[in-house]
Amino acid sequence: MKVATWNVNSLRVRLPHVIAWLQREQPEILALQETKVKDDDFPVREFEALGYFSTFSGQPGYNGVATLSRVRAQGASLEILGFEDLQRRVLGATFGNLRLWNIYVPNGQSVDSDKYQYKLGWLAALRTHLAAELAQHPRLLVVGDFNIAPEDRDVHDPIGWQGRVLVSPAERSALAQIASVGLTDLFRRFDQPERSYSWFDYRAGSFRRKLGLRIDLMLGSEELARACTGVRIDIEPRGWERPSDHVPVVAEFTNN
DNA sequence: ATGGTGGTCCAACCA
(Lines give C-alpha, C1' and ligand atoms only; values in the text may rest on other atoms or scores of the structure.)
Protein backbone atom coordinates (compact mmCIF):
# COMPACT_ATOMS: atom_id res chain seq x y z
CA MET A 1 0.00 0.00 0.00
CA LYS A 2 1.29 3.42 -1.02
CA VAL A 3 0.33 6.55 0.97
CA ALA A 4 1.48 10.04 0.03
CA THR A 5 1.21 13.59 1.34
CA TRP A 6 1.54 16.82 -0.66
CA ASN A 7 0.99 20.48 0.17
CA VAL A 8 -0.26 21.69 -3.22
CA ASN A 9 -0.64 25.42 -2.41
CA SER A 10 -3.97 25.79 -4.26
CA LEU A 11 -5.63 22.70 -5.68
CA ARG A 12 -7.27 24.83 -8.37
CA VAL A 13 -3.89 25.85 -9.80
CA ARG A 14 -2.22 22.50 -9.15
CA LEU A 15 -4.99 20.16 -10.33
CA PRO A 16 -3.11 19.18 -13.51
CA HIS A 17 -0.03 18.34 -11.42
CA VAL A 18 -2.02 16.28 -8.94
CA ILE A 19 -3.76 14.38 -11.74
CA ALA A 20 -0.50 13.69 -13.56
CA TRP A 21 1.17 12.57 -10.36
CA LEU A 22 -1.73 10.30 -9.36
CA GLN A 23 -1.71 8.66 -12.77
CA ARG A 24 1.99 7.96 -12.53
CA GLU A 25 2.25 6.92 -8.87
CA GLN A 26 -1.16 5.28 -8.34
CA PRO A 27 -1.12 5.65 -4.53
CA GLU A 28 -3.91 4.12 -2.47
CA ILE A 29 -4.12 7.39 -0.53
CA LEU A 30 -3.01 10.95 -1.23
CA ALA A 31 -3.33 13.58 1.52
CA LEU A 32 -3.40 17.16 0.23
CA GLN A 33 -2.87 20.38 2.20
CA GLU A 34 -3.45 24.05 1.38
CA THR A 35 -6.15 23.15 -1.10
CA LYS A 36 -7.53 26.72 -0.76
CA VAL A 37 -10.81 25.56 -2.21
CA LYS A 38 -14.24 25.69 -0.58
CA ASP A 39 -16.13 22.44 -0.33
CA ASP A 40 -18.72 23.40 -2.99
CA ASP A 41 -15.91 23.85 -5.52
CA PHE A 42 -13.94 20.68 -4.73
CA PRO A 43 -13.13 18.76 -7.94
CA VAL A 44 -14.82 15.54 -6.84
CA ARG A 45 -15.61 14.37 -10.37
CA GLU A 46 -12.11 14.89 -11.69
CA PHE A 47 -10.72 12.53 -9.04
CA GLU A 48 -13.66 10.13 -9.38
CA ALA A 49 -12.69 9.74 -13.03
CA LEU A 50 -9.27 8.53 -11.89
CA GLY A 51 -10.78 6.05 -9.42
CA TYR A 52 -10.45 8.08 -6.21
CA PHE A 53 -12.94 9.05 -3.53
CA SER A 54 -12.53 12.54 -2.08
CA THR A 55 -12.90 13.61 1.54
CA PHE A 56 -12.27 17.28 2.24
CA SER A 57 -12.51 20.18 4.63
CA GLY A 58 -11.97 23.52 2.95
CA GLN A 59 -12.57 27.25 3.24
CA PRO A 60 -12.19 30.13 0.78
CA GLY A 61 -8.71 31.45 0.17
CA TYR A 62 -6.63 29.79 2.88
CA ASN A 63 -5.84 26.43 4.41
CA GLY A 64 -7.99 23.41 3.48
CA VAL A 65 -7.14 19.71 3.56
CA ALA A 66 -8.36 16.82 1.43
CA THR A 67 -7.72 13.09 1.30
CA LEU A 68 -8.05 11.10 -1.92
CA SER A 69 -8.44 7.35 -1.56
CA ARG A 70 -9.06 4.18 -3.52
CA VAL A 71 -11.47 2.97 -0.84
CA ARG A 72 -14.18 5.10 0.67
CA ALA A 73 -13.32 6.96 3.89
CA GLN A 74 -15.13 5.91 7.06
CA GLY A 75 -15.84 8.15 10.04
CA ALA A 76 -14.37 11.43 8.83
CA SER A 77 -13.56 14.00 11.56
CA LEU A 78 -12.80 17.65 10.85
CA GLU A 79 -11.64 18.80 14.28
CA ILE A 80 -8.92 18.34 16.87
CA LEU A 81 -10.85 17.10 19.89
CA GLY A 82 -11.71 19.99 22.22
CA PHE A 83 -9.93 22.63 20.13
CA GLU A 84 -12.00 25.36 18.52
CA ASP A 85 -10.43 26.34 15.22
CA LEU A 86 -12.02 28.36 12.43
CA GLN A 87 -9.18 27.31 10.15
CA ARG A 88 -9.70 24.09 8.22
CA ARG A 89 -6.45 22.26 8.94
CA VAL A 90 -7.23 18.68 9.93
CA LEU A 91 -9.02 15.72 8.43
CA GLY A 92 -9.16 12.35 10.12
CA ALA A 93 -10.67 9.22 8.57
CA THR A 94 -10.43 5.45 8.53
CA PHE A 95 -9.51 3.57 5.34
CA GLY A 96 -9.89 -0.16 5.84
CA ASN A 97 -7.70 -0.91 8.88
CA LEU A 98 -5.73 2.34 8.60
CA ARG A 99 -6.53 5.39 10.71
CA LEU A 100 -5.18 8.49 8.96
CA TRP A 101 -4.92 12.12 10.07
CA ASN A 102 -4.12 14.61 7.35
CA ILE A 103 -2.88 17.83 8.95
CA TYR A 104 -1.76 21.31 7.97
CA VAL A 105 0.07 22.75 10.96
CA PRO A 106 -0.02 26.57 11.27
CA ASN A 107 3.07 28.23 9.77
CA GLY A 108 3.65 30.54 12.74
CA GLN A 109 5.00 33.45 10.66
CA SER A 110 7.80 34.44 13.11
CA VAL A 111 8.69 33.53 16.68
CA ASP A 112 7.54 36.92 18.03
CA SER A 113 4.09 36.85 16.38
CA ASP A 114 0.65 35.90 17.66
CA LYS A 115 0.55 33.26 14.95
CA TYR A 116 3.53 31.54 16.58
CA GLN A 117 1.61 31.28 19.87
CA TYR A 118 -1.40 29.95 17.97
CA LYS A 119 0.89 27.36 16.39
CA LEU A 120 2.27 26.18 19.75
CA GLY A 121 -1.22 25.97 21.26
CA TRP A 122 -2.43 24.10 18.20
CA LEU A 123 0.41 21.58 18.48
CA ALA A 124 -0.27 21.02 22.19
CA ALA A 125 -3.93 20.31 21.41
CA LEU A 126 -2.89 17.99 18.58
CA ARG A 127 -0.69 16.00 20.96
CA THR A 128 -3.58 15.36 23.37
CA HIS A 129 -5.83 14.53 20.46
CA LEU A 130 -3.41 12.04 18.92
CA ALA A 131 -2.79 10.32 22.25
CA ALA A 132 -6.55 9.64 22.41
CA GLU A 133 -6.59 8.54 18.77
CA LEU A 134 -3.73 6.12 19.32
CA ALA A 135 -5.54 4.50 22.25
CA GLN A 136 -8.39 3.68 19.86
CA HIS A 137 -6.45 3.04 16.66
CA PRO A 138 -3.19 1.09 16.87
CA ARG A 139 -2.68 1.48 13.11
CA LEU A 140 -2.40 5.28 13.20
CA LEU A 141 -0.70 7.42 10.56
CA VAL A 142 -0.38 11.21 10.80
CA VAL A 143 0.76 12.95 7.63
CA GLY A 144 0.96 16.44 6.27
CA ASP A 145 2.71 19.79 6.32
CA PHE A 146 4.03 20.03 9.89
CA ASN A 147 5.76 23.36 9.26
CA ILE A 148 8.59 22.13 11.53
CA ALA A 149 11.97 20.80 10.43
CA PRO A 150 12.64 18.15 13.11
CA GLU A 151 16.45 18.31 13.13
CA ASP A 152 19.31 20.39 11.75
CA ARG A 153 19.93 17.77 9.05
CA ASP A 154 16.45 18.67 7.74
CA VAL A 155 17.61 22.26 7.14
CA HIS A 156 19.86 23.39 4.27
CA ASP A 157 21.48 26.11 6.41
CA PRO A 158 21.05 25.29 10.12
CA ILE A 159 23.18 28.26 11.23
CA GLY A 160 21.28 30.77 9.15
CA TRP A 161 17.95 29.27 10.25
CA GLN A 162 18.83 28.89 13.93
CA GLY A 163 16.02 30.01 16.23
CA ARG A 164 13.72 31.02 13.40
CA VAL A 165 10.17 29.85 12.88
CA LEU A 166 9.96 26.28 11.46
CA VAL A 167 13.13 25.24 13.36
CA SER A 168 12.85 26.97 16.77
CA PRO A 169 13.45 24.86 19.92
CA ALA A 170 9.85 25.34 21.14
CA GLU A 171 8.45 24.02 17.86
CA ARG A 172 10.84 21.07 17.80
CA SER A 173 9.95 20.34 21.42
CA ALA A 174 6.23 20.41 20.57
CA LEU A 175 6.91 17.94 17.74
CA ALA A 176 8.92 15.71 20.09
CA GLN A 177 5.99 15.80 22.54
CA ILE A 178 3.69 14.62 19.76
CA ALA A 179 6.09 11.83 18.84
CA SER A 180 6.31 10.82 22.51
CA VAL A 181 2.70 9.56 22.50
CA GLY A 182 3.96 6.72 20.29
CA LEU A 183 4.62 8.07 16.81
CA THR A 184 7.83 7.96 14.78
CA ASP A 185 9.11 9.94 11.79
CA LEU A 186 8.92 7.16 9.21
CA PHE A 187 11.32 8.91 6.81
CA ARG A 188 14.20 8.51 9.26
CA ARG A 189 13.68 4.78 9.68
CA PHE A 190 15.44 4.35 6.33
CA ASP A 191 18.72 5.41 4.78
CA GLN A 192 18.10 8.68 2.94
CA PRO A 193 20.09 10.92 0.64
CA GLU A 194 21.81 13.85 2.32
CA ARG A 195 20.04 17.16 1.89
CA SER A 196 16.56 15.63 1.60
CA TYR A 197 14.00 18.43 1.66
CA SER A 198 10.27 18.65 0.97
CA TRP A 199 9.85 22.42 0.68
CA PHE A 200 11.77 24.96 -1.39
CA ASP A 201 10.96 28.65 -1.09
CA TYR A 202 9.70 30.24 -4.31
CA ARG A 203 12.15 33.07 -3.73
CA ALA A 204 15.86 33.38 -4.45
CA GLY A 205 16.10 30.34 -6.74
CA SER A 206 15.90 28.01 -3.76
CA PHE A 207 14.93 24.92 -5.74
CA ARG A 208 17.55 25.44 -8.42
CA ARG A 209 20.14 25.65 -5.64
CA LYS A 210 18.47 22.79 -3.70
CA LEU A 211 18.09 24.95 -0.57
CA GLY A 212 15.10 23.63 1.35
CA LEU A 213 13.64 22.24 4.53
CA ARG A 214 12.07 18.89 5.34
CA ILE A 215 8.80 19.96 6.94
CA ASP A 216 6.34 17.52 5.32
CA LEU A 217 6.29 14.47 7.55
CA MET A 218 4.68 11.07 8.03
CA LEU A 219 4.42 9.92 11.64
CA GLY A 220 3.40 6.32 12.25
CA SER A 221 2.39 4.30 15.28
CA GLU A 222 4.59 1.37 16.27
CA GLU A 223 2.43 -1.04 14.30
CA LEU A 224 2.59 1.07 11.16
CA ALA A 225 6.30 1.71 11.57
CA ARG A 226 6.82 -2.05 11.51
CA ALA A 227 4.71 -2.33 8.36
CA CYS A 228 6.50 0.52 6.58
CA THR A 229 8.95 -0.68 3.93
CA GLY A 230 10.20 2.68 2.67
CA VAL A 231 9.71 6.44 2.50
CA ARG A 232 10.92 8.78 -0.20
CA ILE A 233 10.61 12.40 -1.23
CA ASP A 234 9.72 12.97 -4.89
CA ILE A 235 11.21 16.34 -5.86
CA GLU A 236 10.35 15.97 -9.54
CA PRO A 237 7.08 17.96 -9.47
CA ARG A 238 8.97 20.96 -8.04
CA GLY A 239 10.60 21.28 -11.45
CA TRP A 240 7.32 21.25 -13.37
CA GLU A 241 5.80 24.40 -14.78
CA ARG A 242 4.07 26.55 -12.13
CA PRO A 243 4.85 24.17 -9.24
CA SER A 244 3.80 24.04 -5.60
CA ASP A 245 6.60 25.06 -3.25
CA HIS A 246 6.20 21.64 -1.56
CA VAL A 247 6.78 18.19 -3.07
CA PRO A 248 5.14 14.81 -2.40
CA VAL A 249 6.39 12.45 0.30
CA VAL A 250 5.56 8.81 -0.33
CA ALA A 251 5.49 5.83 2.05
CA GLU A 252 5.02 2.14 1.25
CA PHE A 253 3.48 -0.38 3.63
CA THR A 254 3.08 -4.14 3.62
CA ASN A 255 -0.49 -5.32 3.55
CA ASN A 256 -0.55 -7.33 6.79
C1' DA B 1 19.77 42.21 -0.60
C1' DT B 2 15.26 43.29 6.14
C1' DG B 3 14.80 41.39 -0.31
C1' DG B 4 13.02 37.70 -3.22
C1' DT B 5 8.01 34.74 -5.48
C1' DG B 6 3.50 32.90 -5.58
C1' DG B 7 -1.80 32.27 -4.34
C1' DT B 8 -6.08 34.43 -3.17
C1' DC B 9 -8.88 37.64 -5.05
C1' DC B 10 -8.46 43.20 -5.89
C1' DA B 11 -6.09 45.39 -0.98
C1' DA B 12 -3.81 43.05 1.88
C1' DC B 13 -2.80 38.89 3.81
C1' DC B 14 -0.51 34.52 4.06
C1' DA B 15 3.29 31.49 3.28
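Hydrogens, waters and symmetry mates play no part in the numbers below; they use all other heavy atoms, side chains included. Keep in mind that this is a model prediction, so the values were computed, not measured.
- Between B/dC9 and B/dC14, the distance separating the two P atoms is 14 Å to the nearest Å.
- Salt-bridge formation is detected for the pair A/Asp185/A/Arg214: a Lys NZ or Arg NE/NH1/NH2 atom is positioned less than 4.0 Å from an Asp or Glu carboxylate oxygen.
- Using a 4.0 Å heavy-atom distance criterion, A/Arg209 is classed as making no nucleic acid contact.
- Between A/Trp199 and A/His246, the two ring planes are tilted [angle within 30° to 60°].
- Remark: the separation of the C1' atoms in B/dA1 and B/dT5 is 15 Å, to the nearest Å.
- For the pair A/Tyr118 OH and B/dC13 C1', the interatomic distance rounds to 15 Å; values are reported in whole Å.
- Note: CZ (A/Arg164) to C1' (B/dA15) measures 13 Å, nearest angstrom.
- Separating the P atom of B/dG3 from that of B/dT8 is a span of 25 Å, rounded to the nearest Å.
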Show me, pair by pair, the donor-acceptor contacts under 3.5 angstrom made by side chains of residues 219-227 of chain A, not counting sequence neighbours?
{"from": "A/Ser221", "atom 1": "OG", "to": "A/Pro138", "atom 2": "O", "distance (Å)": "2.5"}
{"from": "A/Ser221", "atom 1": "OG", "to": "A/Leu140", "atom 2": "N", "distance (Å)": "3.2"}
{"from": "A/Ser221", "atom 1": "OG", "to": "A/Leu140", "atom 2": "O", "distance (Å)": "3.4"}

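- Remark: A/Asp201 engages A/Arg203 in a salt bridge, criterion side-chain N to carboxylate O under 4.0 Å.
- Both the sub-6.0 Å distance and the 45° axial angle are satisfied by A/Lys210 relative to the ring of A/Phe207.
- A cation-pi arrangement, defined by a distance under 6.0 Å to the six-membered ring centre and an angle within 45 degrees of its axis, is absent between A/Arg70 and A/Phe53.
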>> Output one letter per nucleotide in nucleotides 2-10 of chain B: B when a protein non-hydrogen atom lies under 4.0 Å from the base, S when only the sugar-phosphate is that close, - when neither is.
In response: --BBSSSS-
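- Between A/Arg139 and A/Glu133, no side-chain nitrogen of the basic residue sits less than 4.0 Å from a carboxylate oxygen of the acidic one, so the salt-bridge criterion is not met.
- Using a cut-off of 4.0 Å between Lys/Arg side-chain N and Asp/Glu carboxylate O, A/Glu79 and A/Arg89 are scored as not salt-bridged.
- Straight-line distance between the P atoms of B/dT2 and B/dA12: roughly 24 Å, to the nearest whole Å.
- Separating the CG atom of A/Asp216 from the C1' atom of B/dA15 is a distance of 13 Å, rounded to the nearest angstrom.
- Atom C1' of nucleotide B/dA15 and atom NZ of A/Lys119 are separated by 11 Å, given to the nearest angstrom.
- Salt-bridge annotation for A/Arg188 and A/Asp154: present, with a side-chain N of the basic residue lying under 4.0 Å from a carboxylate O of the acidic one.
- One can place CD of A/Gln33 at 16 Å from C1' of B/dC14, the figure rounded to the nearest angstrom.
- Nucleic acid contact class of A/Tyr104 (heavy atoms, under 4.0 Å, all strands): sugar-phosphate only.
- A/Gln87 has its CD atom 7 Å from the P atom of B/dA15, to the nearest Å.
- Nucleotides B/dC10 and B/dG4 place their C1' atoms 22 Å apart, quoted to the nearest Å.
- When the C1' atom of B/dA15 is taken as reference, atom CG of A/Leu166 falls 9 Å away, rounded to whole Å.
- We find that CZ of A/Phe146 is positioned 18 Å from C1' of B/dA15, with the value rounded to whole Å.
- Ion pairing between A/Asp41 and A/Lys36 fails under the 4.0 Å rule for side-chain N and carboxylate O.
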>> For DNA chain B, please output the secondary structure as dot-bracket, reading 5' to 3'. Pairs are Watson-Crick or G-U wobble, both atom distances under 3.5 Å; mark crossing pairs with [ ], other-strand partners with |, unpaired with a dot.
In response: ....((((...))))
